[in-house]
Amino acid sequence: MGFLATLTLLLPVLQVYRGVGADVNSKLQVNPLVVEEQLLWVSQGAAAVNTFRIPLLTFTPQGSLLAFCEARKFSSSDMAAKFFAVRRSVDKGSTWSPMSFILDDGSLVDGLNLGVVVVDELAKSVILVYTWCFHQYHCSPSSVMMVESTDDGLSWSRPRNLSEQLGVKSFAPGPGLGIQKRHAPHRGRLVVCGHGTLAGDGVFCILSDDHGKTWVNGAALKSIPYNQPKQPLDFNPDECQPVELSDGSIMVNVRNQNNYHCQCRMVVRSLDGGKTLPVEELFFDHALIDPTVAAGMLEKEGMLYFTNPASTQQRVNLTLRWSLTNGKSWEKAPLQLWPGPSGYSCMTSLNSSMAEDRKFIFVLYERGHRDSVETVAFAKIHLYGGL
Ligand SMILES: *[C@@H]1O[C@H](CO)[C@@H](O)[C@H](O)[C@H]1NC(C)=O
Ligand SMILES: *[C@@H]1O[C@H](CO)[C@@H](O)[C@H](O)[C@H]1NC(C)=O
Ligand SMILES: *[C@@H]1O[C@H](CO)[C@@H](O)[C@H](O)[C@H]1NC(C)=O
C-alpha cells in the first residue's frame, strides 16, 4: 500500500479516536491517584519562619498556579507576627518560584490574618481578602482588607480597607477560595464567605458586583446565642468554603465549631447569590466527620470534591472524597492523602476546554509527622487513576 493510501485510511480512524477520547473522559469513573507531591513550605526550615499555616491554592485566569500561606515568623500562634507568603507555578505545579511575600506586619501579634483568594475571570484579576487585627488583641478596630493582582500574581496592589464600605466588624474570610458566580442569579458576582469572632461567630458573606471595586454585606448565618460566650454543643458555624452548583445556588461547607448535632460538617445553601443563607437550606452531613477544622471543597464539572482530616477527634488522616449527587451522598472508597497529622486544606482546578486539564485537581494542605503544622504540602491528583 502506498503512503497516500495509508494516510487516507488513517485519517478517519484518527478522527473517530479523537471523538471517542473526549467522550470516554467524561464517562470515566473517578478513581483519583496522587501523581505529584511537593512540600512548598517547611516550618522552622531554611526560611527561618517558625510556622507556615493556612494554605490557599488557586489557578489564575492565565492558568498559573498560586499558593499562599501565613508565615508566622516567631511563634505558631494564630496571634503571631506574620507575612503572607506566595509561590507561583507556570507549569501546573511541577516547578515553583522561590517564596516571595505580599504583606508583612512587622512585629504586631494581631496584624495579618488569611484569608480568601478569589479569581475574577472576567476582569482577569486575583484578589486576596484578609483581616487586619481580627482578634482585637492590643489593636482596634478589626478591618477587612484586600490586595489585587492584575499581572498573573507577579505584583500586588496597595491594601484597600473594605471596612470603609462594609462597616467595622470582626470578619475572617475563609480560609479558602471565594467564588465568581458563573450561573444566574447574579452571574459575575464575587462572593467571599467567612466567619466572625468567637462570641459573634457565624458564617457571613460579602459580595461585589463590580469586580471588587465596591462590596456589600450579604448572607449571615449567626451562631446561637449570638454575641455571647458559647458552650459545648452550641450552634456555632465557623470557617467555611463556598462552591457554586450548576443550578446557580451556592453551597457552603462549614466548620461546626461546637459540634452542634454531630461531630461532622454543616452544609447550607444560598439560593439568591449569597444574599441569604436560610435555615431551611441547612443540614448536617454525617458522612463528613470532622475534628473542627477548615476543609476544602471544589465543584468541577458536576462533581463535588471534599478534603479534611477524616476523624472526629484529631487532625489526622487527610482524605479526599467525591460526590456525584451534589453532596447528598459520597462515593464509598475515599482516597487517603496522608494518614498522619494533617489540618487545613484547599483545592483548585483549571477550568479549561483542554481534555488534559480536565483530568486534574490540586490540593494544598497542612501535614506533618508529629504535628500537622510542620509543612504545607502540594498534591497533584489525576482523577482517572492515571488514564
Ligand atoms: C478601616 O476603615 C475603618 C472604617 O473607616 C477604620 O475604622 C479602620 O481604622 C481602618 N483600618 C485600617 C487598618 O486602616
Ligand atoms: C482514615 O480515613 C479513611 C478514609 O480515607 C478511613 O477509611 C479510615 O477509617 C480512617 N482512619 C482512621 C484511623 O480514622
Ligand atoms: C468554565 O468552563 C466552562 C466550559 O468550558 C465555561 O462554560 C465557563 O464559562 C468557564 N467558566 C469560567 C469562569 O471561565
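Ligands are counted one by one from 1 in listed order, and the atoms in each one are counted from 1 as well. Worth knowing before you read on, the calculation uses all heavy atoms, side chains too, and leaves out hydrogens, waters and symmetry mates.
In this structure, the protein non-hydrogen atom closest to atom 2 (O) of ligand 2 is Asn317 ND2, 2.2 Å. Among protein heavy atoms, the minimum distance from atom 5 (O) of ligand 2 is reached at Thr319 OG1, 2.8 Å.
Each of the atoms 7 (O), 8 (C), 9 (O) of ligand 1 lies under 4.0 Å from some heavy atom of Pro141. Those atoms of ligand 1 with a heavy atom of Trp132 less than 4.0 angstrom away are 13 (C).
Between Ser143 and ligand 1, a contact under 3.5 Å exists for at least one N or O pair. Polar contact with ligand 1: present for Asn161 (N/O pair, distance under 3.5 Å).
Between Tyr305 and Val30, the closest side-chain pair of non-hydrogen atoms falls below 4.5 Å. Residues Leu56 and Leu128 meet the side-chain proximity criterion, which asks for heavy atoms closer than 4.5 Å.
Under the salt bridge (charged side-chain N to carboxylate O under 4.0 Å, His left out) criterion, no residue pair touches residues 136-145, with sequence neighbours excluded.
Residue contact check for ligand 2: Ser311 places no non-hydrogen atom closer than 4.0 Å to it.
Checked for salt-bridge contact, Asp152 and Lys124 miss the test: no charged N lies under 4.0 Å from a carboxylate O.
A search for side-chain hydrogen bond (donor to acceptor under 3.5 Å, both in side chains) contacts involving Lys222 returns nothing, not counting sequence neighbours.
At least one protein heavy atom sits closer than 4.0 Å to atom 14 (O) of ligand 2.
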Requested in this report: Give the C-alpha distance, both sets of side-chain angles, the deciding distance and a yes or no for side chain to side chain donor-acceptor pair (under 3.5 Å) between Lys230 and Ser223.
Outcome: CA-CA 9 Å; Lys230 299 294 187 294; Ser223 60; 3.0 Å; yes

